[in-house]
Amino acid sequence: MCVWLQLPLFADDVFVRIGTSSVGGGFYLIGNTIAQLGTEVEKSINFTAVTGGSIKNCINLGNKEVELGMVQSSTVNDAWNGTGSFKEPIKTLRYVTAIYPMPAHILVNLDAGIKSIGDFKGKRVDYGSVGQGIEVNVREMMSVFGLKDEDVRIERYGRAEVAEALKVGDSEAHIWTTNAPNAQVTDMIRSGKVGLIGIEPEKIQEIVSKFPHYAPVVIPAGVYEGYDKDLPVVGAVGSLLTYEDMPEEVIYKITKMIHTNTKFLQERLNYFNSLSLEFALAGMSVPLHPGARKYYEEAGLLTK
C-alpha cells in the first residue's frame, strides 16, 4: 500500500506533489519533467505535478498541501516577509534549488503605443491568473515608475489565453518572467501584433536596489526575430521550494536526483539549460532545507 508523508517513511512509497503553474506555463512543464525523471530513477518516491502558481504554491507549501513548489524569487521574498499578496509571512518555506533565470519579457500590443513600463498608465495590463507570481512582478516593476493597481485596467488571463489577448488588444501589456527563448513569445512576436520593450538603465538599477531578489539581465540579441541587440531588463529566478518539516532524507534524494541527472532534464526541456551546482543557490531568500544542504555539502558546493 501507499502512505502519505506524515507516516513513517520508506516502509511504503512516498508521495510528493509538485506545485507548478496553470497548464502550459513553464512551471507546469518543469514540474512534469521532474516527475518524469523521478519515475525513471527514484523508485522510492512517487511524484505528481499539480497546477498552481507562485503565490498559490507558497500558500500550499505553508499548509502542507504540496511537498514541493515552483516559485519565482520575488514571490518567495513576499511570502517570507508577509508582503505583497501575503497577509501573513510564511516562515516554514525552505529552499531546495534554483532551476533557471527568468528575464522579464515585457510584452505589449504594438497598437497601444507603449514604449516604457511608465506608459502602462490607463492601459489594459494582464496580471495573469489569480495566485500566480506574475502580478507580483507587475506591481513591483510598476511601482518604480510610480504606478499602482488603480492606475491601470487589470486583466486576468491564463497562460493559454494571454497570447491571443495581446494579439487582439484585449490586453495591452504583460510582464512575464520566463526563459529566453520562449516558444509562446516567439509566436506572439511573429504575429506582427505583439512586441517586446526593455527597461531604462536607471530604472533597472532602481528596481534591483528596491527589490534585490531581481538581477540585471538581458534578453540576448537574436533570440527573437527582429531584435538584433541585447534587450536590457531585470530577471527573477525560478526556484524549487519545500517546507520545513519535509524529511531530510526525502529532500536529499530529490536534490541529488535533480543535480545528477541534468542531461536527462536538459534534453527534454530548455528551462533546465542553466541548471547547475553553481547556479543552485541563486535568488535564495529563505533558509536552505537541511536535506538540500546535505547534498550540496556532499557535492562540494557548501562546506560542512
Side-chain angles (χ1 to χ4, degrees), residues 26 54 71-81 83-85 98-110 112-123 125-128 132-149 151-152 162 166 171-182 184-186 188-189 194-239 271 273-274 278-279 281-285:
S54 282
V71 188
Q72 57 135 301
S73 55
S74 56
T75 308
V76 177
N77 183 72
D78 271 356
W80 182 258
N81 292 301
T83 54
S85 299
I99 300 292
Y100 70 108
M102 307 170 67
H105 289 62
I106 306 167
L107 294 150
V108 298
N109 177 280
L110 291 175
I114 298 172
K115 305 298 183 183
S116 164
I117 291 175
D119 297 330
F120 282 13
K121 186 171 184 178
K123 302 296 186 181
V125 180
D126 178 23
Y127 276 41
Q132 300 210 23
I134 292 168
E135 62 185 278
V136 177
N137 300 133
V138 174
R139 287 193 178 103
E140 289 178 341
M141 293 184 206
M142 286 200 320
S143 72
V144 171
F145 290 82
L147 300 178
K148 300 179 180 180
D149 286 1
D151 295 316
V152 301
V162 64
L166 279 165
S171 171
E172 294 171 298
H174 178 60
I175 298 177
W176 186 11
T177 52
T178 186
N179 65 318
N182 177 282
Q184 194 172 8
V185 172
T186 297
M188 284 189 266
I189 291 171
V194 180
L196 287 168
I197 62 171
I199 302 176
E200 299 90 321
E202 66 276 10
K203 292 297 185 182
I204 288 176
Q205 293 307 315
E206 194 174 341
I207 290 169
V208 171
S209 176
K210 187 175 181 181
F211 305 108
H213 44 273
Y214 292 111
V217 297
V218 298
I219 297 174
V223 164
Y224 297 111
E225 187 176 324
Y227 294 86
D228 56 0
K229 294 182 180 180
D230 288 348
L231 198 62
V233 291
V234 296
V237 176
S239 310
Y271 283 97
N273 286 349
S274 297
E278 294 74 20
F279 184 66
L281 304 181
M284 186 173 74
S285 58

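Using a 4.5 Å heavy-atom cutoff, the side chains of Ile175 and Ile117 are in contact. You'll find the side chain of Val208 reaches within 4.5 Å of the side chain of Val234, heavy atoms only. Looking at heavy atoms from C-beta onward, Arg139 lies in side-chain contact with Ser85 at the 4.5 angstrom threshold. The shortest distance between side-chain heavy atoms of Asp151 and Met142 does not fall below 4.5 Å. Between Val194 and Leu110, the closest side-chain pair of non-hydrogen atoms is not below 4.5 Å. Val162 places none of its side-chain heavy atoms less than 4.5 Å from the side chain of Trp176.
Taking both residues in full, the closest heavy atoms of Glu172 and Ile114 are given as O-CD1, 3.5 Å, listed atom of the first, atom of the second, then distance. Smallest separation of non-hydrogen atoms from Val237 and Phe279: CG1-CZ, 4.0 Å. The nearest pair of heavy atoms linking Ser239 to Ala282 is OG-O, 4.5 Å. Pairing each heavy atom of Ser285 with each of Ser73, the nearest pair is OG-O, 4.3 Å. Contact record, Pro103 with Thr178: CD-O, 3.0 Å, taken as the closest heavy-atom pair.
With sequence neighbours excluded, the residues satisfying ring-ring contact (aromatic ring centres under 6.0 Å, His included) with Tyr271 are Tyr100. Every residue was checked against the salt bridge (Lys or Arg N to Asp or Glu O under 4.0 Å) condition with Asp230, not counting sequence neighbours, and none meets it. Applying the ring-ring contact (aromatic ring centres under 6.0 Å, His included) test to Tyr224 and every residue at least two apart in sequence or in another chain returns His105. In terms of the side-chain contact (heavy atoms from CB on, under 4.5 Å) criterion, residue partners of Thr75 (sequence neighbours excluded) are, by chain and number, Ser54, Ile55, Cys58, Val71, Gln72, Phe86, Val136.
Side chain of Asn179 to backbone of Pro181: a donor-acceptor contact under 3.5 angstrom is found. No side-chain donor-acceptor contact under 3.5 Å links Lys123 to the backbone of Ala173.
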Using distance only, find each side-chain donor-acceptor pair of residues 209-220 under 3.5 Å and give its atom names and separation, not counting sequence neighbours.
| from | atom 1 | to | atom 2 | distance (Å) |
| --- | --- | --- | --- | --- |
| Lys210 | NZ | Ser143 | OG | 3.3 |
| His213 | ND1 | Asn77 | ND2 | 3.4 |
| His213 | NE2 | Glu140 | OE1 | 3.1 |
| His213 | NE2 | Glu140 | OE2 | 3.3 |
| Tyr214 | OH | Asn137 | ND2 | 2.7 |
| Tyr214 | OH | Glu140 | OE1 | 2.6 |

Under 3.5 Å, which donor-acceptor pairs link side chains of residues 200-207 to any protein atom two or more places apart or in another chain?
| from | atom 1 | to | atom 2 | distance (Å) |
| --- | --- | --- | --- | --- |
| Glu200 | OE2 | Ser116 | OG | 2.9 |
| Lys203 | NZ | Val144 | O | 3.2 |

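Taking OG of Ser274 as the start and CE of Met102 as the end, the distance is 12.0 Å to the nearest 0.5 Å. Between atom CD1 of residue Ile106 and atom CE of residue Met141 there is a gap of 6.5 Å, rounded to the nearest 0.5 Å. Atoms CG and CG, on Asp126 and Leu166 in that order, are 6.5 Å from each other to the nearest 0.5 Å.
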